[in-house]
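What follows is a single structure, written as structure tokens, with notes after it.
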Protein chains: 2
Amino acid sequence: MMSGLLRRSHSECEPMGVNDGRISDETELIQTYLAPLAAPGAFNLSDDAALIETIDGVDFVATNDPVIAGVHFFADDDPRDIAWKALAVNISDLVAKGADPHSYTMALAFPDAPERRWMEAFSRGLAEAQAAFGCRLMGGDTDRTLGPLSISITALGSLPRGAFVRRQTARIGDHVFVSGTIGDSALGLALRHGGRDVIENLSTSEQAFLRDRYLRPRPRIGLVPILRRYATAALDVSDGLLKDARRLADGAGGGLAIHQAAVPLSAAAKAAVLAEPTFLGLLATGGDDYEVMFSAAPSDCQNVIAACASADVRVTDIGIIQPGTGVSLVTRDGAIMRPSKTGYDHFGG
Amino acid sequence: MMSGLLRRSHSECEPMGVNDGRISDETELIQTYLAPLAAPGAFNLSDDAALIETIDGVDFVATNDPVIAGVHFFADDDPRDIAWKALAVNISDLVAKGADPHSYTMALAFPDAPERRWMEAFSRGLAEAQAAFGCRLMGGDTDRTLGPLSISITALGSLPRGAFVRRQTARIGDHVFVSGTIGDSALGLALRHGGRDVIENLSTSEQAFLRDRYLRPRPRIGLVPILRRYATAALDVSDGLLKDARRLADGAGGGLAIHQAAVPLSAAAKAAVLAEPTFLGLLATGGDDYEVMFSAAPSDCQNVIAACASADVRVTDIGIIQPGTGVSLVTRDGAIMRPSKTGYDHFGG
């Protein structure tokens, strides 16, 4: 199933290097770096497909969220972090649906044959992510491309029949919860881009925290049983708090006003907003949070909070879905930030 | 689950065109062109993941075989054919494992926002392929890329528990069968490249046949129940007859001598070999055949042949796995073609 690295382009890309630390042999790439990551049904990546044995009464969930160098990560990021993020963004979708991570396929497209040390670090990052998330590689494909490095993962999760948590099934009156803290990743990306004094004046440890939040999303796997039991709807926060809240509220046919005080911020993000209040917009719309947003009936809220405390997962009640449409962010001084159709830079009174 | 088209590159690729026939809105792309292809559990592509409902006693098979413009197809091929091939190469892997096609995810990466008429033809090609193969879209992702168009499909198939047909489980003494005809696709690609007089002297209808074989692989779905019942091992012929035969024979710890007369050739391929005997090498090693190769015990061969006749699938017995190693092709004049380690252009006595 893993195959194809040596396939030549019609337009004849450069031949792979040999003896310069690059991997010139697809068997080496697959057997040395990827086969140790394989699931039992993947037959050591030596077949054309993987067997997924089912358990009676257990359904699957599938998601596919690829990452491309220059779009979702930087080509010179640490390969361990690239690998972690490529898998984590998919696991985040599974978790939000109430599914336990099960397995994944991975298509790697390389602009050049990868260096051994790059591939070693990449496979180590995958191994770390697999161990953290509880899933294994089923197979996939390796190719040369004239474009940037891309990693297309399709992940499968499993859940008891009937336990799938949809995005569009919230109801008016439900409370909306969000896990972890919001906006750290957007600040980490801004740091990576450089040139923002306010962020660069943060302490070294705060900066390190924000960078890590950008590079290593941590899907809230501890929420899975809680979502199955209590969530009326859920999705992962990947496109920004406001945009994803709008999706949840739209499903209920309602709207949501989120008060600034209710948005869970890390100490680093709080420091940034204190220094520059307009950063709140970046935090609420920047995306790449990979936290879970879910709704629950008012009668279940106490149980949700207790269950999350037991599972040691931070969740915050950010508001109640009301009749009406749209999502707004109410700042401390009473200004209302309302996402425009094309973006989130529009502040209104 | 389908999302991301409008995500900007870190390195700021050009903004999408508007009002020039290109699709500037990811909602339009997904809802107009892709949602009509969705499986029931994909909720009209409006959720972050798809639900795959299982049936007790039924296992799944997963495969991931991406295609990239300039490597696996030409960027200016008809989008209907590109779509068909992108799905067909994955279904081919499922069929060879004895699985019924079930569903698939698809990650599309576009160098530019696609034109409406391109996307319309692409989705029509997918719809044709889905209908032919019996599977539906579960979801996926759309992105901009600085590289060429790429389509990464992960396909799922289903089969009765225990029916998975492995690649490496053939036995010495088994007969090896191959479906359809071999080498047509390699000739079709050679035609596409141009400059080969021998092929260009073929009749117009023969040329059209070869081009179609390159553009539109037809997975042998009719073989699925026969493989489950009789195959001791199987794989799809995608990397060339000899290379894939070697994989099958290696699994048995044996070898295989294939006589030229036993290689199933179409009328067009026969005409090409008649005009230029060395073309046989191209046919046997060119790949992209997407036929099924499988082994069966001698006592089952009559039943295999009868079952294939009933299912109206052409299969040819190409030889018996013998003690020893390696695969060779014995030409009519007694010369032996033996794949070298790095390629298949080496003829020996």
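First the proteins, then the strands, lettered A, B, ... as listed; each starts at 1.
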Check: Which answer fits A109(A), side chain, backbone, both or neither, if we ask what part of it has an atom under 4.5 Å from a heavy atom of chain B?
Finding: side chain

Next item on the list: Flag the one option from D93(B), D56(B), V61(B) with the top tally of heavy-atom pairs under 4.5 Å to chain A.
Entry: D56(B)

Next item on the list: Flag the one option from T54(B), V58(B), L159(B) with the top tally of heavy-atom pairs under 4.5 Å to chain A.
Entry: T54(B)

Which region of [X], side chain (C-beta onward) or backbone (N, CA, C, O), has a non-hydrogen atom less than 4.5 Å from a non-hydrogen atom of chain A, or is it both or neither?
| X | value |
| --- | --- |
| L51(B) | both |
| A42(B) | neither |
| N90(B) | neither |
| R166(B) | both |

Does any part of the side chain of [Y], heavy atoms only, come nearer than 4.5 Å to the side chain of [X], both counted from C-beta?
| X | Y | answer |
| --- | --- | --- |
| L137(A) | L34(A) | yes |
| L94(B) | T63(B) | yes |
| S150(B) | T145(B) | no |

Between [X] and [Y], does any side-chain N to carboxylate O distance fall below 4.0 Å?
| X | Y | answer |
| --- | --- | --- |
| R161(A) | E53(B) | no |
| K85(B) | D77(B) | no |
| D100(A) | R228(A) | yes |

